[in-house]
Amino acid sequence: MDLSNKVVVIMGASSGIGAATSRLLAKDGAKLSVAARRLDRLNEIKAEFPNSEIETFKADVTKFEDVKNVIDKTVEKFGRIDVLYNNAGIMPTAPLIEGRRDEWQNMLQINIMGVLNGIAAALPYMSKAKSGQIISTDSVAGHVVGPDAAVYSGTKFAVRAIMDGLRMEQAENNIKTTIVSPGSTGTELFNSINDDDQKKFAKDFFENVGGLQPEQIAEAVEFAIGTKNNMSVSEVIIRPTRQTL
Ligand code: NDP
């Protein structure tokens, strides 16, 4: 796909779905700003595409000043921002009875506030330009609740609600909103699970359902970005074919 007319910011681009999307959009010729806490990983991606315009940023999505810096520097460098992809997330699932309040706090901060920080930083530019697209990685868990994933699901239900509100508020400004909701996908996300039983459950589930590869989710993001101005892909749910949840 030719996306050489697009300036795209990807938050949470250092591994998994964000890294796969960065690579795919770089191949498509998009001008990219890629951000995450692991700058070395971002620079590895940049090095793979010496002929592409890729800016890398060390940024923590829980810190508004980091996120704003990424967006502001992108506009300075490329003159505008067409797409913000809020992809950063963690999934430390565990039964509520374990009372892992620090993990809950981290999930709320990264999975929800991270998305809101992106919206707060990018929307003023997009609404002034009367053009733009904000994409967030949601999850099947943003549509279906499962035991031991209550808080993670809660954060992803919140993302879905926030993004739908954004859609309605900004339709008059031609701003597209998209949530991409993957099922089980083979990434580093399982490393964010600290409960041993849950980590095993997530890995076994991935094997049993024939989990997806992050490159397959990236194709959905690419599709949503490549649509004509009058067409907005509001939601995409992508499951491994054998995943029933
Ligand atoms: P990975 O762990 O491979 O990627 C997570 C990304 O988020 C990394 O780039 C990481 O970068 C970034 N990130 C985490 N915390 C922060 C932070 N505080 N600030 C900035 N970036 C951060 O997992 P996935 O690719 O699977 O996850 C991407 C998204 O997909 C998440 O929102 C996840 O919830 C969602 N998802 C994943 C599914 C799956 O089965 N894999 C299913 C459904 C949804 P760094 O650590 O360098 O900061």
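A quick note: this is a predicted structure, and the numbers were derived from the prediction, not measured. All ligand and atom numbering here is 1-based and tracks the order in the structure.
- Protein heavy atom at the shortest distance from atom 24 (P) of ligand 1 is Thr187 OG1, 3.3 Å.
- Judged by distance alone, the side chains of Gln133 and Asp82 never bring a donor and an acceptor atom under 3.5 Å apart.
- If you check which protein heavy atom lies closest to atom 3 (O) of ligand 1, you get Ser15 OG, 2.8 Å.
- Using a 4.0 Å heavy-atom cutoff, Lys156 is listed among the residues neighbouring ligand 1.
- Between the side chain of Arg239 and the main chain of Leu245, a donor-acceptor pair closer than 3.5 Å is present.
- Judged purely by distance below 3.5 Å, without hydrogens or angles, the side chains of Thr56 and Asn43 pair a donor atom with an acceptor atom.
- Here the side chain of Lys176 pairs a donor or acceptor atom with the backbone of Thr227 at under 3.5 angstrom.
- Taking a cut-off of under 4.0 Å to the non-hydrogen atoms of Gly12, the atoms of ligand 1 that pass are 6 (C), 7 (O), 9 (O), 12 (C).
- Of all the listed residues (Ser184, Gly183, Ala59), Ala59 holds the heavy atom that lies closest to atom 20 (C) of ligand 1.
- Nearest protein heavy-atom neighbour of atom 25 (O) of ligand 1: Ile17 N, 2.8 Å.
- Closest to atom 15 (N) of ligand 1 by heavy atom, among Met91, Met113, Arg37, Gln243, is Arg37.
- Summary of contacts: the protein heavy atom closest to atom 11 (O) of ligand 1 is Ser14 OG, 2.8 Å.
- The protein heavy-atom contact nearest to atom 33 (C) of ligand 1 is Tyr152 OH, 3.6 Å.
- When side chains are defined from C-beta on, Asp72 counts as touching Tyr125, because their heavy atoms get closer than 4.5 Å.
- Partners of Lys58 under the side-chain hydrogen bond (donor to acceptor under 3.5 Å, both in side chains) rule, at least two apart in sequence or in another chain, do not exist in this structure.
- At the shortest separation from atom 18 (N) of ligand 1 among protein heavy atoms lies Asp60 OD1, 2.9 Å.
- Side-chain contact of Gln170 with Asn173: a donor-acceptor pair under 3.5 Å is present, judged by distance alone.
- For atom 40 (O) of ligand 1, the closest non-hydrogen atom of the protein is Thr185 N, 2.8 Å.
- In this structure, the protein non-hydrogen atom closest to atom 5 (C) of ligand 1 is Gly89 O, 3.8 Å.
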